[in-house]
There are 2 protein chains.
Amino acid sequence: MEINQALDALSALAQPMRLDAFRLLVKAGPAGLCAGEIATRLQARPNTLSANLAHLVAAGLVRNTREGRQIRYVVEMEGMQRLLGFLMEDCCGGQPELCRPVLEKIVCC
Amino acid sequence: MEINQALDALSALAQPMRLDAFRLLVKAGPAGLCAGEIATRLQARPNTLSANLAHLVAAGLVRNTREGRQIRYVVEMEGMQRLLGFLMEDCCGGQPELCRPVLEKIVCC
DNA sequence: TCCATAATTCGAGAAATATAGAAATGATTT
DNA sequence: AAATCATTTCTATATTTCTCGAATTATGGA
């Protein structure tokens, strides 16, 4: 991953509404959620949310597909993976005992 | 980790000079680097860099200690750990096969 | 076709952030 | 004590980002 992609992803996540939306989508998993549903849950105006979701899509963290008149958003795990990998790149200078615990403590399931 | 801490960490990283500095410190490991050395490597002005390093410290991603007349900066792995954990929180709704590959591909050492 | 619904795009004003020069602080050397 | 060096703090300006209302596009139903 190149640095600009990483910056896009980080600034996409570095904003309250977008971080909330992203986490909602992470929890929703592969089923995702439609724009309106996200707007309701976050109590956000549709147009503002739309701009923010577009930001997440552009950053490669989320993808969307139209379903009738709604648009479904789904988290893109590969984007997340690229970002995390980039941040940990060349950490610890080949001494696994320094960073291994960091990765092991990421308990998600 | 609460959301505001996560936002602080993400916006700290979502800026070119800070992301560069952070990655330099990740690679430097526990030895860290002094402000002047970082400034030289990034070709940044000392005052601008200082403001940016302060941002990383405030976000809990880096810590600093004075050493004579220099100030050494060291990456704070616990901060990184908190952030990654927060981003992956409740992912995949208890289906490890969905997110396990993501974490496994973060090869750092 | 006409209407309603879901969501996006556009444009402008308000707010937040980044940078750099100048001055100040803290520590070492002479 | 004076000079020097490493770094930070202060302050103003320039830039970027955020949000909102209004208008627009796309789809499905009567």
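Every chain is numbered from 1, with letters handed out A, B, ... down the list of sequences.
Between the side chain of A:Arg66 and the backbone N or O of A:Gly68 there is at least one donor-acceptor pair closer than 3.5 Å. Side-chain N or O atoms of A:Thr40 include one that pairs as donor or acceptor with a backbone N or O of A:Gly36 at under 3.5 Å. Between the side chain of A:Arg23 and the backbone N or O of B:Ile3 there is no donor-acceptor pair closer than 3.5 Å. Under a 3.5 Å cut-off, the side chain of A:Arg18 and the backbone N or O of A:Ser11 do form a donor-acceptor pair.
Using a cutoff of 4.0 Å between basic side-chain nitrogens and carboxylate oxygens, A:Arg63 and A:Glu76 are not scored as salt-bridged.
A straight line from CD1 of B:Ile71 to P of C:dT25 spans 15 Å, rounded to a whole angstrom. Residue A:Gln70 contributes atom CD, which lies 15 Å from atom C1' of C:dT8 at whole-angstrom precision. Protein atom CG of B:Asn47 is 11 Å distant from nucleotide atom C1' of C:dA18, rounded to whole Å. Going from atom CG of A:Asn64 over to atom C1' of C:dT8 covers 11 Å, rounded to whole Å. At whole-Å resolution of the value, CZ in A:Arg45 and C1' in C:dT8 are 16 Å apart. Put simply, CG on B:Leu49 is 15 Å from P on C:dG21, counting in whole angstrom units. Note: CD (B:Gln15) to C1' (C:dA16) measures 13 Å, nearest angstrom. Summarising the geometry, the separation between CG on B:Leu56 and P on C:dA18 is reported as 11 Å, rounded to the nearest angstrom.
Residues that satisfy the salt bridge (charged side-chain N to carboxylate O under 4.0 Å, His left out) test with A:Glu37, not counting sequence neighbours, are A:Arg41.
In the hydrophobic clustering of this structure, A:Val74 does not group with A:Leu42; members are Ile, Leu, Val, Met, Phe, Trp, Tyr whose side-chain heavy atoms approach within less than 4.5 Å, directly or through other members.
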Note to self: For A:Leu83 and A:Leu10: C-alpha separation, side-chain torsions, deciding distance, then whether side chain to side chain contact (heavy atoms under 4.5 Å, CB included) applies.
What the structure shows: CA-CA 8 Å; A:Leu83 177 60; A:Leu10 288 165; 3.9 Å; yes
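Phosphate proximity of C:dT8 to A:Tyr73: present, with a side-chain N or O under 4.0 Å from OP1 or OP2. The phosphate of C:dA20 has OP1 or OP2 within less than 4.0 Å of a side-chain N or O from B:Thr48.
Checking A:Met17 against B:Pro46, the closest nucleotide of DNA chain D that is more toward the 5' end is the one next to B:Pro46.
Of all nucleotides in DNA chain D having an atom under 4.0 Å from a heavy atom of chain B, the first and last in 5' to 3' order are D:dT4 to D:dT9.
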Dump the pairs, protein N or O against N or O of nucleotides 26-30 of chain C, anything under 3.5 Å, distances to one decimal.
none

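Evaluated for a side-chain contact (heavy atoms from CB on, under 4.5 Å) with B:Tyr73, the options B:Leu56, B:Ile38, B:Leu33, B:Thr65 yield exactly one hit, B:Ile38.
Using a 4.0 Å heavy-atom distance criterion, A:Arg72 is classed as making no nucleic acid contact.
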